[in-house]
Amino acid sequence: SDPSSIIARFQQYLQINTAQPNPEYKQAAEFIISQAKSFSLESHTIEFVNGKPLILLKWLGTNPALPSILLNSHTDVVPAEHQKWTHHPFGAHMDDNGNIYARGSQDMKCVGMQYLEAIRRLKASGFQPLRSIHLSFVPDEEIGGNAGAGTFSQSEVFNILNVGIVLDEGLPSPSENYRPFYAERSPWWLVIRTTGAPGHGAKLYDNTAMENLLKSIETIRRFRASQFDLVKAGLRADGEVVSVNMVFLKAGTPSPTDFVMNLQPSEAEAGFDIRVPPNADPGSLERRIAEEWAPTSRNMTFSFKQKEPLHDKFGKPFLTATDRSNPWWTLLEDAVRKPGGKLGKPEIFPASTDACYFREQGIAAIGFSPIANTPNLLHDHNEFLNQDEYLKGIEIYESIIKAFASFVDPERDRSSTDEL
Ligand SMILES: CSCC[C@H](NC=O)C(=O)O
Ligand SMILES: [Zn+2]
Ligand SMILES: [Zn+2]
């Protein structure tokens, strides 16, 4: 397949508007299935939730009893403010530099299509995988993944696949080094509320709801600054500190036009997106919230809209090893290097992805998007990917898939391969 038809297929996928909250999942599913058919990959569609298809593709290995490989990607994208883009976010326009502009060009339709293109080429070259290779195209990652990877990872369908290693999305790198991820921070979405004494807007008195809330906001901001300072000083990476960002504020007494100006309200609340690294002590953060951010002494209460655990029930954090103990990691390092790729140090993903669901099942999962020399524009305006970077990524996946699918684990697979 020549580069221009490879790029045309990428553009076709990008042009399907799978933006939340109303993704064109049916069109995306039809497109993926037709791609799979064009090079004879078996496909299944599963709807754990009606109207939200998960597409599962399979390339059978010569020894399907060995743990298999799962290449995961999500089909949905976040919304885009069309007017604020230089090119239409679902036009997939390529400019004179070869940059392709589209929502999903980095997050993560690129990866899904690169998997397919790599497999198309490996098949054409006559390569035979020893291990079976599965591809999952999952819905709803951008809204938490419950209807997609969440349910899938706990299903019998998944269990039967006997997955040994999952690849999922990473982040673009502005340098020449690709960025691999071995864990991610847990989202804690906190709402704090307070009540206070109402009164005349002209009166100075203690214990108003606004004062109570503002004191918390000041405390939270100091904590935010302390964490951010560690990053700014180069002492910690983005994923290694607790981030806190205020995402809404709700207070005031409504009037028909806007707000009553001379009345101090009796209630106020604020919301915070908090991300907690896997090595943090959740108990100490919980105490900080209860004692300093929402103390009962200021009439405050708090609740979580989302609170992902940091560990399993044995206290083990959800991490994928990146040393000799994990042969997939070593294979990835070598396979990226082979076609000339460079791999940076493994990092903790600052936000969250579907990879957490697979790690929760105790399965090794590596977040990796082969996007170097590119600004990180995930969820931003004018998201783009250069065509050469995209094509290079296909070579990288060819090398990784080849290495993973051929891997014989001397510790685990001896007896099972001897039987062949
Ligand atoms: C807690 S579900 C939200 C998942 C979302 N993932 C990508 O941006 C995120 O905010 O990290
Ligand atoms: Zn994503
Ligand atoms: Zn995203």
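Atoms within each ligand, like the ligands themselves, are counted from 1 in listed order. Small disclaimer: the values here were computed from a predicted structure and weren't measured.
Against a heavy-atom cut-off of under 4.0 Å, E142 is close to the following atoms of ligand 1: 7 (C), 8 (O). For ligand 1, the atoms lying closer than 4.0 Å to a non-hydrogen atom of G144 are 2 (S). Shown in contact with Q306 at under 4.0 Å from a heavy atom are these atoms of ligand 1, numbered in order with element: 1 (C). Ligand-side atoms of ligand 1 in range of W189: 1 (C), 3 (C), range being under 4.0 angstrom from any heavy atom. Below 4.0 Å from some heavy atom of H379 lie the following atoms of ligand 1, by number and element: 8 (O).
Considering all non-hydrogen atoms of both residues, F137 and T75 come closest at CB-CG2, 3.7 Å.
Using cut-offs of 30° and 60° on the angle between ring planes, the pair H87 and H93 is parallel. Between Y101 and F384, the angle of the ring planes lies from 30° to 60°, which puts this pair in the tilted group. The aromatic rings of F158 and F358 lie tilted to each other, with the angle between the two planes from 30° to 60°.
Note: Y178 and F368 meet the aromatic proximity criterion, with ring centroids under 6.0 Å apart. Ring centroids of W328 and F407 are separated by less than 6.0 Å, placing the two rings close together. Centroid-to-centroid, the aromatic rings of W293 and F272 stay 6.0 Å apart or farther. For W189 and F304, the ring centers sit 6.0 Å or farther from each other.
For E142, the nearest N, O or S atom to the Zn ion (ligand 3) falls under 2.8 Å. Residue contact annotation: E141 places no N/O/S atom under 2.8 Å from the Zn ion (ligand 2).
Rounded to the nearest 10 degrees, the angle NE2 (H74) to the Zn ion (ligand 2) to OE1 (E169) equals 120°. To the nearest 10 degrees, the Zn ion (ligand 3) sees NE2 of H379 and OD2 of D107 at an angle of 100°.
Summary of contacts: the protein heavy atom closest to atom 1 (C) of ligand 1 is P187 CG, 3.5 Å. Of the protein's non-hydrogen atoms, the one nearest atom 5 (C) of ligand 1 is S352 O, 3.8 Å.
Residue R275 places a heavy atom under 4.0 Å from ligand 1.
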